[in-house]
There are 2 protein chains.
Amino acid sequence: MTQPKSRRDQIYEVAGALFSERGYHATSMRDLASQLGMQGGSLYAHISGKEELLVELVNQAAAQFDAALMPLRAENLTPEQKLREAMRRHIEVVAHNLESATVFFHEWKHLSPDAYRKVTEWRDTIDALYRDLVREGIDRGVFRADLDVKMTAYLLLSAVNWTYTWYRPGGPLTAAQIADQFAVMLLDGLRA
Amino acid sequence: MTQPKSRRDQIYEVAGALFSERGYHATSMRDLASQLGMQGGSLYAHISGKEELLVELVNQAAAQFDAALMPLRAENLTPEQKLREAMRRHIEVVAHNLESATVFFHEWKHLSPDAYRKVTEWRDTIDALYRDLVREGIDRGVFRADLDVKMTAYLLLSAVNWTYTWYRPGGPLTAAQIADQFAVMLLDGLRA
DNA sequence: ACTATCCGTATGAGCGTTCGTTTGGTTCAC
DNA sequence: GTGAACCAAACGAACGCTCATACGGATAGT
C-alpha cells in the first residue's frame, strides 16, 4: 500500500548517502545524477539546486531530534528516567537516520547564512535541554551536587553525538541497548 | 631566539586555520594565498600541491596524539591513573592543536587512499589503547567487572574527541581541568 | 474513437565560473 | 650573477546550472 518512492525522494535518499559518505562539496551534481541513472541537468526538473538538498537533509535530521527530545520536557518522569530516555531517543535518532544525522553533524557549516544560523540556534536549544535535565537532577538530589552543569551536559552530548562516527546498522547492539549501557556507566561510574 | 617562521610554515598555519574553519574542499588555493598576501600560483614555490597540506596537517595531529598517548602503555601507573592521564593528554592535544585536530577529525576522509588507510589504522591503535586500558582496570579489579570493554572505550573516546567541537581557547577551564572533570564524572558516576 | 494538448521527465549541449596547477618572466637580496 | 620568492597570465578540467528539445502517457474536445 506504500506509494512508490517519487523521483524527488530518491534524489534526497541518494544525496544523503553521498553527502554523508563523501561530504557535500566533494559530491557533484553529476555524481549524484549518475547514481540515479540520469544526467546532471535532469535533476533540476525535481529540485531547485544543490543547497536545497543540504538544507532539506539537515532540517530532516533536526526535525527528528526535535520530535524525539522536545516532548521530554513535559513528560512526568524522574530526572534519572529523563536522562536515560533522552540518551535513548537521541541515539535512536542517530541510528535510524544515520545518513542525514551524519550530514547534519558534518556538513551544517556549509549552509547559507540563514540556515546556518538556524542550526546554531537549534543546537543551543538541545544544549539547554541537557543542561536543564542535569540541573533538575541536582536540584532534586538525584545527581551529585558538585556537578558542573555545563561540563556534565557536554559529557552526555559527547556520548550520544559521537555515535554517528562508529555506529553501523547490523551491529550486535540496538540503539536502545547502547544508550542503556552508556546511561549505566554514566550514572554509576566505572569504578568497581 | 626562535627562528622567524618560514613562508612554508606560514602556509601550513593558514591552511590549518582555513581547513578547520571552512573545510578542505571549501577552501581554494586562491583563498589560502590571498590570506598570505600572495597569488595562488605563488604557493607552488613552497609546496607541491593542495593535498600535501592536508596530509601534513593530519600527520601533524596524529603525531601529537601518538607522542602524548603511546608512552602511556609503558608507564608504571595504576589503571585509574592511566585513564586520567590518557584523557588529560588526549584533551590537551586537542586543545593545544585545535586547528590541526579539527582538520584531523573532520577532513581525513578526503585524503588519498594511502593516507586514508594510514589514518584508519592509526585510529584502530588508539581504540586498542583505550580498550586495553579499560581491560587492565577490570582485570585488576579497579573497574567494574560487568563493563563492556568496547562500549566503555567508545564512551571515553566520545568524551575526549568531541571536545574539538566546543572547546575554545580562553575559556574558563584549562584542558587539564576539563579532563579531570570528565574523569571524576566517569569514574564515580553522576548519581548522588 | 480519434485527435489535440499538455505535463512530467529526461536528454545533451553548453553557459559562465572556479578549480588546482603550470609557465615564463621579474624583482631583489646576497 | 645566482637563486629564492613572487607575479601575471593562462591551462584544461570540473563545477552548478540553464535551455531547447523530445518523448510517453494522461486528459479533454469533438
Side-chain angles (χ1 to χ4, degrees), chain A residues 2-59 103 106-116, chain B residues 2-59 103 106-116:
Chain A
T2 55
Q3 198 133 340
K5 245 167 278 182
S6 76
R7 204 66 166 136
R8 196 185 144 90
D9 289 344
Q10 291 178 37
I11 293 175
Y12 280 105
E13 198 175 312
V14 176
L18 291 183
F19 289 178
S20 68
E21 191 188 314
R22 311 181 187 175
Y24 177 67
H25 279 109
T27 304
S28 76
M29 296 303 272
R30 288 172 177 86
D31 285 345
L32 175 55
S34 88
Q35 288 259 322
L36 288 152
M38 48 163 59
Q39 301 277 19
S42 308
L43 293 168
Y44 293 83
H46 306 275
I47 59 162
S48 74
K50 191 183 184 183
E51 163 128 23
E52 184 193 307
L53 293 172
L54 183 57
V55 170
E56 196 60 37
L57 287 165
V58 166
N59 282 344
V103 173
H106 235 87
E107 312 292 341
W108 64 276
K109 283 208 173 188
H110 302 123
L111 289 165
S112 62
D114 269 7
Y116 181 96
Chain B
T2 54
Q3 197 132 339
K5 247 168 278 186
S6 76
R7 203 64 165 138
R8 196 183 145 89
D9 289 344
Q10 291 179 37
I11 293 175
Y12 280 106
E13 199 175 310
V14 175
L18 292 183
F19 288 177
S20 68
E21 190 188 315
R22 311 180 187 175
Y24 176 68
H25 280 108
T27 304
S28 75
M29 296 302 271
R30 288 172 178 86
D31 286 344
L32 175 54
S34 88
Q35 287 259 322
L36 289 151
M38 48 163 60
Q39 299 275 50
S42 306
L43 293 167
Y44 292 81
H46 305 276
I47 58 163
S48 74
K50 192 183 185 183
E51 164 128 22
E52 183 193 308
L53 293 172
L54 181 57
V55 170
E56 195 61 37
L57 287 165
V58 167
N59 282 342
V103 173
H106 235 87
E107 312 293 339
W108 65 275
K109 282 206 174 190
H110 302 122
L111 288 164
S112 62
D114 270 7
Y116 181 96

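A, B, ... follow the sequence lines: proteins, then strands. Residue 1 opens every chain. Everything quoted here is computed from the prediction, not taken from an experiment.
OP1 or OP2 of dA10(C) sits under 4.0 Å from a side-chain N or O of R7(A).
If you check dA10(C), dG16(D), dC19(C) against the side chain of S28(B), the one that comes closest is dC19(C).
A donor-acceptor pair is defined here as one N or O able to donate and one able to accept, closer than 3.5 Å; such a pair exists between the side chain of H110(A) and the backbone of R22(B). Without hydrogens or angle criteria, E51(B) side chain to S112(B) main chain gives a donor-acceptor distance under 3.5 Å.
Spacing between atom CE of M29(A) and atom P of dA13(C) amounts to 20 Å, rounded to whole angstrom units. Rounding to whole angstrom units, NE2 of residue H25(A) and P of dA14(D) are separated by 18 Å.
Judged by a 6.0 Å distance limit and a 45° cone about the ring axis, K50(B) is positioned over the six-membered ring of Y24(B).
Within the nucleic acid shown, R30(A) comes within 4.0 Å of at least one base atom, counting heavy atoms only.
Between M29(B) and I47(B) the shortest side-chain heavy-atom distance falls below 4.5 Å.
Across residues 31-55 of chain B, G41(B), Y44(B), G49(B), K50(B) each have a non-hydrogen atom less than 4.0 Å from an atom of DNA chain C (numbered order).
For the atom pair CZ (R30(A)) and CE (M38(A)), the distance works out to 14.5 Å, reported to the nearest 0.5 Å.
Using a 4.0 Å cut-off between charged side-chain N and carboxylate O, R8(B) and E52(B) make a salt bridge.
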